[in-house]
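Side chains are part of it too, since the values below use all heavy atoms of this structure and drop only hydrogens, waters and symmetry mates. Labels below follow one simple rule: chain letters A, B, ... track the order of the sequence lines, proteins then strands, and each chain is numbered from 1. From a predicted model like this one, the values you see are computed outputs, not experimental measurements.
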Protein chains: 2
Amino acid sequence: MAVAANRKTRVVGGKVAADRVKASESPETAIYNKIHRAIAERRLLPGSRLIEDQLAEVFGVSRMRIRWVLQSLARDKVVTLHRNRGACVAEPTVKEAKEVFAARRLIEGALAREVVRATDDKALKRLKAHIKKEVASEKSHDRAMELRTSHEFHTLLAEIVGNSVVVDFLRELMARSALITAIFERPDISVCSHFTHSRLIELIEKRDEQGLVDAMLGHLDEIESYLTLYEKEDQPVDIKTIFSGL
Amino acid sequence: MAVAANRKTRVVGGKVAADRVKASESPETAIYNKIHRAIAERRLLPGSRLIEDQLAEVFGVSRMRIRWVLQSLARDKVVTLHRNRGACVAEPTVKEAKEVFAARRLIEGALAREVVRATDDKALKRLKAHIKKEVASEKSHDRAMELRTSHEFHTLLAEIVGNSVVVDFLRELMARSALITAIFERPDISVCSHFTHSRLIELIEKRDEQGLVDAMLGHLDEIESYLTLYEKEDQPVDIKTIFSGL
DNA sequence: CTTGCACAAATTGTTAACAATATGAGCAGT
DNA sequence: ACTGCTCATATTGTTAACAATTTGTGCAAG
């Protein structure tokens, strides 16, 4: 995430301030997260314009702050910026969605091998603890939280391998996946992913490297198959036929 | 790259303007590239302070522009930003360098398989044409250009696979590699990489998937071995001993 | 010789006003 | 109806002045 997150923990009279849990967030990151979440949860629909003045007023900050945040969101492909025409919530194309999933297969597939090598008892505990979180999320029937928790599992695998460069890539891919899922999700299917994730953990425990790789790739295929990723066939008929006639 | 690069090609009286080759660069990207290049070519050494006013004057733009560019450079890990204390040229640690190369092995190793599948005649031509560029760069004895061209080869492989998400990741990794190489390069060795790259192309031509993967991993190990990546052992002796004494 | 303090200088962070640009409505001409 | 035009409006882009912060220096006290 481009927005710096390094405001010091605020201490008041010897006691940590009330917003301690969010203490590591600069105002910029806080706004970044709010907008990002609003988009991922589809309260802000793809294509919606994001007007600086409005956001500035809503969040009670100056326009430059908003500008800054929008830049960050744009770099993470969550909004698109048009010179002199402002920002819109990104509208990922089908092509883009497929590329993101292809990239995930590439990276997470390769990562799977490393995970087997890197997982120790402590890591296993973290993984199993995370499954509990996923179960709780699914029970709550809060789709947004479900998705977040589920994505965190994938980032967690990268964290276990311990390469922060890869972790950053994974985070970025998860953020984009969240947006893509929000947009292309089929309303008729609801994935029960904690089960699949448990299966992955079993394979890690068994040190079944190839099995884990295959299961991971299968898992990603499964997720992708739950989306409606077909190109829209609305040909630009009128103009095209005219031009092909020439 | 976070800085938008989308100024329209300027047309003057029916003829494309003289700066056509750079027409796609906004003033921000131009400055971004200049600073980035100065760092990669070690004209700006790691740790050097980058003072907004100075840069603004040098490039003849306002401070806000510089601020914007510094933000982009920071996100690409080429400079580090300290709240209220300005920007410095990044000083990649040995740990960071190793992580970047580990990430490269992960991604480029996995990419190698895809490359074999994705390479057609046209792609082969591009690859071979690029080797010529590398040869020319090496002849010129311009170390900076040599490095650039060499890195472009790796990005080119990603381009051939055709996944723009992966291409972006690779570009980022190459930029960081360039900086890392610039900093940790051993002055006594000069890599003659076009030969190794030619070997990779041969393997692609032979459709030797596993061979290519192995060769690529070996290549990356080789590059890394040409750097002086040992942790500096200058223990914080004084303080540490005092504390361990307690 | 070190520590602590106050103050000055350099630098970054923020704001509000202004300039430039794009968008859409209205309206005339065909 | 459709095109082309002008102008008002909304919105973004830029600037310059101001506020806040950090850093370094000098000086006095221990």
- Mark yes or no for whether Thr93(B), through its side chain, and Glu96(B), through its backbone, hold a donor-acceptor pair below 3.5 Å. yes
Applying salt bridge (charged side-chain N to carboxylate O under 4.0 Å, His left out), can you list everything that pairs with [X], at least two apart in sequence or on another chain?
X         : answer
Arg42(A)  : Glu185(A)
Glu134(B) : none
Glu152(B) : Lys133(B)

Enumerate all atom pairs, one protein N or O and one N or O from nucleotides 14-18 of chain D, separated by less than 3.5 Å.
residue: dT14(D); atom: OP1; partner: Arg65(B); partner atom: NH2; Å: 2.5
residue: dT15(D); atom: OP2; partner: Ser62(B); partner atom: OG; Å: 2.9

For nucleotides 5-11 of chain D, list the nitrogen or oxygen atoms of the protein found under 3.5 Å from its nitrogen or oxygen atoms, one pair per line.
residue: dT11(D); atom: O3'; partner: Arg49(A); partner atom: NH2; Å: 3.4

Quickly work out the [X] [atom1] to [N] [atom2] distance and round it to whole Å.
X        : N       : atom1 : atom2 : result
Ile66(A) : dG13(D) : CD1   : C1'   : 16 Å
Trp68(A) : dT12(C) : CH2   : P     : 13 Å
Leu70(B) : dT12(C) : CG    : P     : 9 Å

Residues in side chain to side chain contact (heavy atoms under 4.5 Å, CB included) with [X], at least two apart?
X         : result
Ser48(B)  : Leu44(B), Leu45(B), Val89(B)
Ala136(B) : none
Arg85(A)  : His82(A)

Going by the rule ring-ring contact (aromatic ring centres under 6.0 Å, His included), which residues pair with His151(A) if we only count those two or more places apart in sequence or in a different chain?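 In terms of ring-ring contact (aromatic ring centres under 6.0 Å, His included), with neighbours along the sequence ignored, His151(A) is linked to no residue.
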